[in-house]
Amino acid sequence: MNIHEYQGRELFLQYGIPCPAGIVAESPDAVVTATRQVGYPAVIKAQVLTGGRGKAGGVKLVHNEAEAREQGSRILGMQIKGLTVEKVLVVPAAAIRREFYVGLTVDRTNRALVLMVSASGGVDIEDLAVKNPDAILKVRFNPLTNLDLKAIRPILQQAFVTPALVAQAEDAVAKLYRLFVEKDCSLVEINPYALLDGDKLVALDAKVNIDDNGLVRHPELEVLRNPEESSADERQARRVGLSFVSMDGDIGCIVNGAGLAMATMDLIKHFGGNPANFLDVGGSSNPEKVLNALKIILNNPRVKAILINIFGGITRCDDIAKGILMATNQIQIPVPMVIRLIGTNDREGREILAQAGLTSSENLTEAVQRVVALGKKP
Amino acid sequence: MSILVNRSTRVLVQGITGRDGSFHARSMVADGTRIVGGVTPGKGGQQMDGIPVFNSVAECRKATDANCAVIFVPAKFANAAIREAADAGVELVVCITEGVPVLDMISSYQYVRDHGVRLIGPNCPGLISPGQCKVGIMPARIHLPGHIGVISRSGTLTYEVVYSLTSAGMGQSTCIGIGGDPIVGSGFIDLLEAFSQDPETHGVVLIGEIGGEEEEAAAAYIRQHMRIPVVAFISGRTAPPGKRMGHAGAIISGGKGTPEAKILALQRAGVDVADRPDEIPGLLRKKLKT
C-alpha cells in the first residue's frame with residue numbers, strides 16, 4: 001500500500017524523525033490560509049501517489065498571498081501521470097545547504113533489508129543510481145536481529161562526515177528502522193534529507209510503502225488507505241477478496257493465479273484484442289467468488305465479451321462451474337462468455353456446465369481467439 | 001532422474017487436518033507420493049485417511065523419518081511452521097501458504113539457510129517429479145515423466161506450460177514453482193544449478209514475470225554456466241506500470257523489472273523467449289536437436 005507524503009510525515013513524527021511543520025489543504029482558500037500560517041516563502045507540494053511531482057510542476061515556491069492562490073489553484077486538480085491532485089501539503093521554504101538521501105527497503109536478490117545512503121540526494125537520485133551506483137552506499141542486514149549501529153556507522157561517516165551530522169543521521173536511521181519493522185513497511189525513504197542552517201538535518205519528504213501481506217497485523221494503518229488510488233470496481237473487488245485491476249480494453253477476464261492472469265491478458269493482446277481488467281480469483285475457490293467477479297466485470301459498460309480461464313490446482317474446477325451457474329441464475333449476463341476449464345476436478349466442472357447447456361474448452365489459445373472474435377462483433 | 005524429490009522422498013504435511021491440507025494430502029497420496037505423517041498441534045494421535053497425525057514436526061520426524069515438509073498452515077502461522085520444520089532437521093521445506101509478510105520471510109529465509117535447509121516458496125504450487133513424487137498442489141495428470149526441467153515464479157501459468165509440453169510429448173524431470181512473493185527460498189539460479197547437475201535433464205523452461213530482477217540475474221548465470229538449452233516465457237507484457245497485479249512481485253516500477261528488459265537480457269544470454277506458452281515445446285525441440 002502506498003501512502004501520501006503527508007501521511008508518511010505523520011508516521012515520521014510519531015517515531016521522532018525531525019521534519020518541518022506542514023499543513024494539508026484541499027482548496028485554494030485553504031492553501032492561502034495555510035501559507036499565512038507557515039509564513040512566506042512557502043512551498044506547495046502536490047500529494048499524489050507517484051514520483052516525479054517536482055518535474056511535473058506539482059511543487060512550487062510562493063512568496064506572497066497572490067502567488068499562493070495562483071499556484072494553489074493550478075496544482076489542485078492538475079494531473080500527474082494520470083492521477084488528479086486532490087490535496088496539497090504546505091510547508092515553510094527551507095534554506096537548504098545540502099541534500100542527502102536515506103532509504104530502507106527490501107533487497108529481493110539478497111533476501112535482506114538494505115539501507116541506502118547518499119551524500120547526493122534530491123530529485124535526480126534515480127539517475128544517480130543508474131549512472132553512478134557507487135555514490136549510493138549500501139549496507140544489507142537481517143531483520144531477525146536488531147539494527148547493528150556498528151555496521152551502518154562507516155557508511156554514515158562516509159556520507160555525512162562531521163560527527164554532529166553522523167550522530168543525527170544515526171538517530172534518524174535507528175528511528176526509520178523501528179518504523180520499518182514495527183509497521184511492516186516495504187520502503188521508507190527520506191529524499192531529500194536536508195541539511196539546514198544551524199547544522200540541522202530534517203526530512204523534507206517522506207515516502208512510506210506498507211507490505212500488503214503485513215497489513216492484517218496493522219488495523220491502525222487501514223485508515224491511511226487512499227480510496228482514490230483504486231477505481232470503484234477495484235474497491236468493490238477488494239471488499240470481496242478478489243485481486244482486480246481496471247484496464248482500458250473491452251474483454252473481461254476471470255483467471256485463477258496472477259501469472260496466468262497476466263499471460264491471459266498478454267495473449268488477448270497478442271491476438272488483437274484488449275483486456276478490460278486483470279482479475280485473479282485466488283487460490284481456495286469458493287463459488288461465490290465467481291459470482292462476485294462477474295458482477296464487478298459487468299459494472300463496466302465497455303465489456304463486450306468475457307473469458308473465464310481456470311487451470312485448476314488448489315482451485316477446483318467444479319467450484320468454479322458452480323459459481324458460473326450461480327451467476328447465470330442470479331444475474332443477467334448480456335455479453336457472450338467463453339469458458340476454459342482444465343486441471344483439478346475439470347471433468348466434474350465440465351459436466352456441471354454441460355447440464356446447464358454451457359460449453360467449455362480445454363485449449364487456451366483457442367479460447368482466447370474465440371473471445372477476441374466475439375468482442376469484435378458489432 | 002530428477003532434482004530435489006523422487007521415489008524415496010518421505011513427506012510430512014504441516015496443517016494436514018485443515019481444508020486445503022487434507023484435500024491436497026489425499027491428492028498427493030493418490031499421485032504416488034509417500035506421505036508418512038502429518039502435523040496439527042493438538043491433534044496428535046489422530047489419523048487422516050490412515051496417515052498418523054502428530055503434535056509437532058519433531059515428533060513426526062522421530063516416528064516417521066520424514067525428510068521433506070510441505071506447509072499448508074494459515075499465513076500467520078507460516079513463519080513458525082517453516083522454522084519448526086528447519087529445527088526438526090528435514091532437508092527440504094515447501095511452503096504453499098500465501099500472504100506471508102515480507103519481513104517474516106526475510107528472517108525465515110536467513111533462518112533456514114543457517115540451518116542448511118532448502119526452502120521452496122512461500123506462495124507457490126510446490127514441486128513435482130512426474131511419476132515419482134508430488135509435493136504440492138499441481139494437478140499431476142497434466143505431467144509426463146521425461147527430461148525437461150521447469151522453473152517458474154507463477155503457479156497456474158506453470159500448469160499451462162507443462163500442459164503444452166506434455167501435449168507435445170515432452171516429459172518433465174522436475175517442475176518447480178518458486179513462488180511469486182518478493183522474498184522466496186530457492187530462486188532461479190539455485191535451481192538452474194541443480195538442473196545442470198542432473199544428467200537426466202536435457203533442457204530447462206524458465207517462466208518469469210514482471211517485477212524484480214531475478215530473470216536478469218538468471219540470464220547472466222545462464223550465459224556463464226548453463227550447458228543445456230534454456231527456453232523462457234515472461235508474463236505481464238500488458239501490465240500497466242506501477243500497478244500491483246496480485247503477486248507482490250508483479251510490480252513494475254522505476255524502469256526496472258520491465259518485461260522488455262527481462263526478454264532482452266535473456267535473449268542476449270542465448271535464451272529463446274516464447275511469445276505464447278504453446279510455442280515453448282517447438283522452441284525447445286529446435287534447441288535440443290542442434
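A note on names: the letters A, B, ... follow the listed sequences, proteins ahead of strands, and every chain is numbered from 1.
- Annotation: maximal heavy-atom pairing with chain B below 4.5 Å, among Leu49(A), Asp107(A), Leu113(A), occurs at Leu113(A).
- Sorted by first then second residue, the salt bridge (charged side-chain N to carboxylate O under 4.0 Å, His left out) pairs that include residues 247-256 of chain A, not counting sequence neighbours, are Asp250(A)-Lys304(A).
- When each of Val216(A), Thr109(A), Asn256(A) is scored by its heavy-atom pairs under 4.5 Å with chain B, the top score falls to Asn256(A).
- A donor atom on one side chain and an acceptor atom on the other are not found under 3.5 Å apart for Ser129(B) and Lys134(B).
- Between Arg316(A) and Asp318(A) there is no salt bridge, since no side-chain N of the basic residue sits under 4.0 Å from a carboxylate O of the acidic one.
- Contacts between Glu160(B) and chain A at a heavy-atom distance below 4.5 Å involve backbone atoms as well as side-chain atoms.
- Between the side chains of Gln172(B) and Thr166(B), a donor-acceptor pair is found at a separation under 3.5 Å.
- Looking at Thr344(A), both its backbone and its side chain come within 4.5 Å of chain B, counting heavy atoms on both sides.
- The part of Ile342(A) that comes within reach of chain B is its side chain, from C-beta onward, which places non-hydrogen atoms under 4.5 angstrom from that chain.
- For a residue to count as touching a neighbouring chain, one of its non-hydrogen atoms must lie under 4.5 Å from one of that chain's; by this rule Asp346(A) touches chain B with the side chain only.
- For the options Ile142(B), Val184(B), Thr158(B), heavy-atom pairs under 4.5 Å to chain A are most numerous at Val184(B).
- Applying the side-chain hydrogen bond (donor to acceptor under 3.5 Å, both in side chains) criterion to Asp275(B), with sequence neighbours excluded, gives Arg237(B).
- You'll find the ring centres of Phe77(B) and Phe72(B) outside the 6.0 Å limit.
- Tyr109(B) touches chain A through its side chain: at least one heavy atom from C-beta onward sits under 4.5 Å away, while N, CA, C and O do not.
- For Arg141(B), the part lying near chain A is the side chain, with the backbone staying farther off; criterion is any non-hydrogen pair under 4.5 Å.
- Neither the backbone nor the side chain of Ile207(B) comes within contact range of chain A; no heavy atom of the residue lies under 4.5 Å from a heavy atom of that chain.
- Checking Thr238(B) against Asp266(A) by side-chain atom types alone, a donor-acceptor pair falls below 3.5 Å.
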